[in-house]
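Worksheet: the structure to be examined is printed underneath.
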Amino acid sequence: MASTEIIHAHAAPQGFIRKYIFSLDHKVIGLQYYFLALIAVFVGMGLSLLMRIHLIWPNANLPIFGAIKPETYLMFLTMHGTIMVFFVLTTAPQGGFGNYFLPIQIGAPDMAFPTLNMLSFWTTFVAFVVLVAAFFVGAPLHGWTGYAPLSAVPSAGPGEGLGADLWITSIAIFCAASLMGALNFITTVLDMRAKGMTMMRMPLTCWAWFITAILGLLAFGVLLAAGILLLMDRNLGTSFFVPGGLNFTGQTSFPTGGFSSSTDLIKHNGGSPLLWQHLFWFFGHPEVYIAILPGMGVASQLLSTFSRKPIFGYRAMVYAMLGIGILGFVVWGHHMFMSGMSPYTAFAFSIMTMAIGVPSAIKTFNWLGTLYQGRVRFHTPMLFAIGFVSLFVSGGLSGPFLAQPVLDIPLHDTYFVVGHFHLIMGVAAIFGIFAATYYWFPKMFGRMMSEGLGRWHFFLTLLGTYAIFMPMHYLGLAGQTRRYSEFTQVAYQTKLIPLQTFITYAAIVTISAQFIFLFNLFWSMAKGKKATDNPWEATTLEWTTATPPPHDNFGGRTPVVSHGPYEYSVPGAARDFVMQNDPATTPAH
Amino acid sequence: MGLALLALIWLITFVSTYFFVAKTWWFPVGASASAAWIDHQFAVTFILMGIVFVAAQGALGLFVWQYRDRGATQPVHYSHGNAKLEIIWTVLTAVLFIGLNLMGSRVWATERFDPPEVGAVPVEATGLQFAWYFRYPGPDGKYGRTKAELEDASAGGESAVGLDPSDAASKDDIVSGTMYIPVNREVDLALRAQDVIHSLFIPSMRFKQDAVPGLIIHMHFKPIQTGDYEIACAELCGLGHYKMHGMLKVVSQEEFDKWLASKEAEKQ
Ligand code: HEM
Ligand SMILES: [Cu+2]
Ligand SMILES: [Cu+2]
């Protein structure tokens with residue numbers, strides 16, 4: 001830790017480009033990640049709107065887009081999933097808030113490797129540009145999971161040519177960026193903590209970012225390798241994922257496709273489509289925890305702060321996150337119960353998956369325990385943290401259904417799954433991002449966001465997302481398969497269209513409500529009430545420094561930490577909170 | 001604000017639970033031997049998870065209202081947690097989750113570990129962009145050879161699956177776009193795919209299995225109710241995924257025999 005001063009002796013940069021574009025300051029980089037994710041989430045959301053509209057009115061002639069074809073629906077689907085998972089849920093919570101607040105919360109002047117940090121952001125940015133480029137050449141239709149051979153053979157469908165190459169390239173670049181980021185986060189936590197900031201005094205947000213980084217380091221490497229193998233299958237004639245004897249004659253008999261090929265016998269041999277699935281989900285399952293862990297950290301931080309009560313079971317929370325992190329690497333097969341994988345293996349994966357439910361349940365109990373006998377303040381960030389818990393419970397409890405192979409027989413690849421993962425990974429994680437935005441906005445921009453607009457945003461969004469995603473579970477039970485661009489072809493599915501229509505209306509309302517947030521965000525930057533240094537009366541180190549924090553975070557001081565992160569309502573203390581850097585003589589544990 | 005939150009969370013919980021309990025949208029009636037088992041396991045899981053769902057959401061709503069900030073005089077219980085409680089709920093959830101899992105595993109084992117019964121009806125299902133074809137080996141009980149280079153989807157039927165007429169065993173093979181099977185006999189199903197992954201999904205049979213290029217996957221199930229049942233494709237296979245559906249006709253043994261015989265006659 002002694003070396004930190006030397007590494008970070010870089011002076012505050014002058015000039016617009018060094019200050020805001022190629023900045024080495026973790027705070028600027030954090031904001032860059034955040035705004036990249038903000039652009040991405042509105043693109044992803046716009047696509048979901050088009051998808052929902054097409055599902056109900058498949059022949060509608062939309063302005064600009066015209067009539068959406070089946071393959072166009074699937075392209076939107078692929079882009080929506082990919083953008084949301086990679087460029088929103090992996091980018092904002094970790095790259096955005098993690099970058100901005102991890103160093104400050106542990107009392108460091110910057111990340112361990114500022115240049116690597118900058119590089120990792122700009123690499124992510126390039127990945128995004130490459131992905132968007134796929135739009136212009138025809139995006140792939142293979143979904144965010146890109147199962148081979150659909151994703152491996154250009155003649156498998158429109159968009160599986162150059163579009164698919166760009167899609168894979170984008171993901172590979174994203175992996176490289178995430179690996180850089182992960183290394184940086186891990187080193188920073190291990191090496192840069194201020195005096196007195198022991199691991200067990202770190203805010204749970206820092207634990208979450210730390211564990212997320214470890215997951216990222218182990219998971220993205222595998223996806224990177226898988227992506228490169230897939231690119232080789234596509235372009236160099238290798239056969240990792242493509243078996244012999246494939247013949248793509250099907251499209252010729254498909255009249256409305258706008259795509260046709262004559263008999264197209266593929267010259268591959270010996271590859272395994274299941275290998276792709278194993279590699280993908282070895283990454284993919286940890287990825288869902290990468291998306292949600294920072295949200296868990298934020299929820300813990302906020303529930304404690306706004307209940308004016310220490311977090312219930314700090315150690316249990318840390319162990320639960322570690323448990324989730326470790327178990328998260330041995331459950332990937334639960335995505336493959338119906339894939340043709342050995343049924344004995346399914347059995348093992350299923351037990352592991354049920355086991356991972358346990359630490360998740362512990363977290364929920366502890367959040368409820370934190371609220372219990374507290375003094376709850378309903379500022380907007382707290383509302384979203386409470387919403388997070390509700391969504392986490394709702395999304396989490398459909399897990400034990402899907403984790404049992406027998407129940408996965410009727411449920412796999414139906415809307416039950418779409419409902420499940422949107423609630424827990426999509427919306428819960430987004431609520432984590434909203435909560436974090438409302439909570440840290442004053443520190444980042446020196447002004448408060450509007451509470452009135454925040455409440456409207458919260459109530460509409462919570463109600464709206466439940467209205468969209470809860471009915472999807474019912475659709476799944478009734479056998480509605482996912483990734484269908486219309487529900488008109490299978491007789492029993494046409495009966496479900498009224499409920500589908502309800503979902504589309506709910507989506508239109510919910511998506512519109514997000515503009516309240518967008519307005520609040522930008523309006524408050526310019527016109528919001530001026531914020532004090534510690535508007536929430538919170539205890540962690542970011543609230544001890546100026547608003548916004550100076551270039552080196554603490555203005556030449558180095559904080560010394562004497563207390564745990566959640567000392568609220570300590571008996572005998574002068575105020576109802578004890579800051580982490582208050583003198584050791586202040587009563588607290 | 002506390003009251004509004006309580007109302008909203010409880011309302012969401014009530015409405016969500018109501019439609020599950022009322023079964024407004026639900027599984028189609030099960031028509032296979034294993035359907036009752038699967039539905040039972042679902043019901044058990046549903047009741048247990050339902051209790052946890054209502055309890056957790058109920059407590060969340062209640063706590064935020066009951067412990068809302070009523071001014072500085074309101075006491076706050078200063079506590080860092082309770083190790084005994086942590087252990088209790090860890091053990092309870094572990095028992096609940098793992099127990100559920102073990103209960104369900106028997107059904108899974110009979111579904112997927114055991115081979116089909118002797119005397120099962122052999123059927124081969126082939127998925128291709130974007131149709132299902134079903135093949136019956138005929139009186140010789142043997143599937144004839146198929147060749148990828150002979151496949152021609154636009155021609156349909158035998159040509160679609162690439163049946164090689166030069167193989168003697170293929171002479172009596174029947175290929176049909178509709179799946180016929182006799183009631184109360186197990187089906188010995190062999191799944192194959194010619195281009196990308198497809199998934200044969202028959203909701204009423206509680207049956208689903210991916211068809212993977214390069215693999216022949218053996219499955220079995222036993223219909224116990226005659227009738228017409230829809231088949232859908234459950235794995236994204238390309239632009240026509242949504243229209244890749246088919247029909248399963250479960251008929252009496254006599255009808256099945258008659259159907260097969262007429263198909264054989266057609267072929268000669
Ligand atoms: C306004 C909110 C949203 C709406 C209305 C929405 C709607 C949809 C729809 C209609 C589908 C396609 C379902 C299908 O055809 O099978 C889908 C898929 C998906 N969504 Fe969302 N979504 C929303 C937000 C999100 C968020 C926040 C995430 C972040 C994780 C997300 C991640 C995904 C993923 C990963 C898929 C699967 C894509 C695939 O099948 O390859 N969505 N969403
Ligand atoms: Cu998973
Ligand atoms: Cu399909």
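The chains referred to below are lettered A, B, ... by the order of the sequence lines, with proteins before strands, and numbering in each begins at 1.
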Inset, instruction - Just give me the residue among B:Gly61, B:Ala234, B:Ala4, B:Gly214 that pairs up with chain A most often, heavy atom to heavy atom, under 4.5 Å. - result: B:Ala234
Legend entry - Min side-chain heavy-atom separation B:Leu5-A:Phe458 under 4.5 Å: yes
Inset, instruction - Measure from the side-chain N and O atoms of A:Glu486 to the backbone N and O of B:Tyr242, and report whether any donor-acceptor pair falls under 3.5 Å. - result: no
Inset, instruction - With the side chain counted from C-beta on, respond yes when B:Met1 and A:Leu383 share a heavy-atom pair under 4.5 Å apart, and no when they do not. - result: yes
Legend entry - Part of A:Arg455 within contact of chain B (heavy atom distance under 4.5 Å): side chain
Legend entry - Beyond-backbone contact of A:His473 with B:Phe20, side-chain heavy atoms, under 4.5 angstrom: yes
Inset, instruction - Could you tell me whether B:Phe113 atom CZ has more than 12 heavy atoms of other residues or ligands within 6.0 Å of it? - result: yes
Inset, instruction - Under 4.5 Å heavy-atom distance to chain A, tell me which part of B:Ser199 shows up: side chain, backbone, both or neither. - result: neither
Inset, instruction - Please look at B:Leu8 and chain A and tell me whether the side chain, the backbone, both or neither of the residue comes under 4.5 angstrom of a heavy atom of that chain. - result: side chain
Inset, instruction - Determine the option with the most heavy-atom pairs under 4.5 angstrom with chain A, choosing from B:Val76, B:Val64, B:Val52. - result: B:Val76
Legend entry - chain A contacts, top residue of B:Phe207, B:Tyr67, B:Phe19, B:Phe97 (heavy-atom pairs, under 4.5 Å): B:Tyr67
Legend entry - Among A:Met341, A:Met338, A:Met336, the one residue meeting side-chain contact (heavy atoms from CB on, under 4.5 Å) with B:Asp210: A:Met338
Inset, instruction - Any pair with a residue in residues 72-88 of chain B that passes salt bridge (Lys or Arg N to Asp or Glu O under 4.0 Å), sequence neighbours left out, goes on the list, sorted by first then second residue, please. - result: none
Legend entry - Contact residues of residues 155-162 of chain B (partner chain A; heavy-atom separation under 4.5 angstrom): none
Legend entry - Test item: A:Leu477 and B:Trp25 side chains (from C-beta on) under 4.5 Å apart, heavy atoms: no
Inset, instruction - Taking B:Trp108 for its side chain and A:Pro343 for its backbone only, find out whether a donor-acceptor pair lies under 3.5 Å. - result: yes
Legend entry - Side chains of B:Ile197 and A:Pro149 in contact at under 4.5 Å (non-hydrogen atoms): yes
Inset, instruction - Please work out which of the three classes, parallel, tilted or perpendicular, describes the rings of A:Tyr484 and B:His241, given edges at 30° and 60°. - result: perpendicular
Inset, instruction - Spell out, as yes or no, whether a donor-acceptor pair under 3.5 Å connects the side chain of B:Gln57 to the backbone of A:Ser390. - result: yes
Inset, instruction - Measure across A:Pro273 and B:Pro213 and return the closest heavy-atom pair with its distance rounded to 0.1 Å. - result: CG-O, 3.7 Å
Legend entry - Mutual orientation of the aromatic rings belonging to A:Phe401 and B:Phe42 [parallel < 30°, tilted 30-60°, perpendicular > 60°]: tilted
Legend entry - B:Lys208 side-chain N/O to A:His412 backbone N/O, donor-acceptor pair under 3.5 Å: yes
Inset, instruction - Go through the atoms of B:Leu62 and report whether side chain, backbone, both or neither lie under 4.5 Å from a heavy atom of chain A. - result: neither
Inset, instruction - Under the side-chain hydrogen bond (donor to acceptor under 3.5 Å, both in side chains) rule, collect the residues that match up with B:Gln209, sequence neighbours excluded. - result: B:Arg112
Legend entry - Separation between CZ of A:Phe378 and CG of B:Asp69, rounded to the nearest 0.5 Å: 8.5 Å
Inset, instruction - Decide yes or no for A:Tyr492 and B:Pro203: does some side-chain heavy atom of the first lie under 4.5 Å from some side-chain heavy atom of the second? - result: yes
Inset, instruction - Using non-hydrogen atoms and a 4.5 Å limit, figure out which bit of A:Asp408 sits close to chain B: side chain, backbone, both or neither. - result: backbone
Legend entry - Residue among A:Tyr147, A:Phe365, A:Phe459, A:Tyr466 with most heavy-atom pairs under 4.5 Å to chain B: A:Phe365
Legend entry - Residue, of B:Ile9, B:Thr24, B:Thr13, B:Ile98, that accumulates the most heavy atom pairs under 4.5 Å with chain A: B:Ile98
Inset, instruction - Enumerate by number any residue of residues 33-41 of chain B whose heavy atoms lie under 4.5 Å from heavy atoms of chain A; in the absence of such residues, state 'none'. - result: B:Ile38, B:Gln41
Inset, instruction - Under 4.5 Å heavy-atom distance to chain A, tell me which part of B:Leu92 shows up: side chain, backbone, both or neither. - result: neither
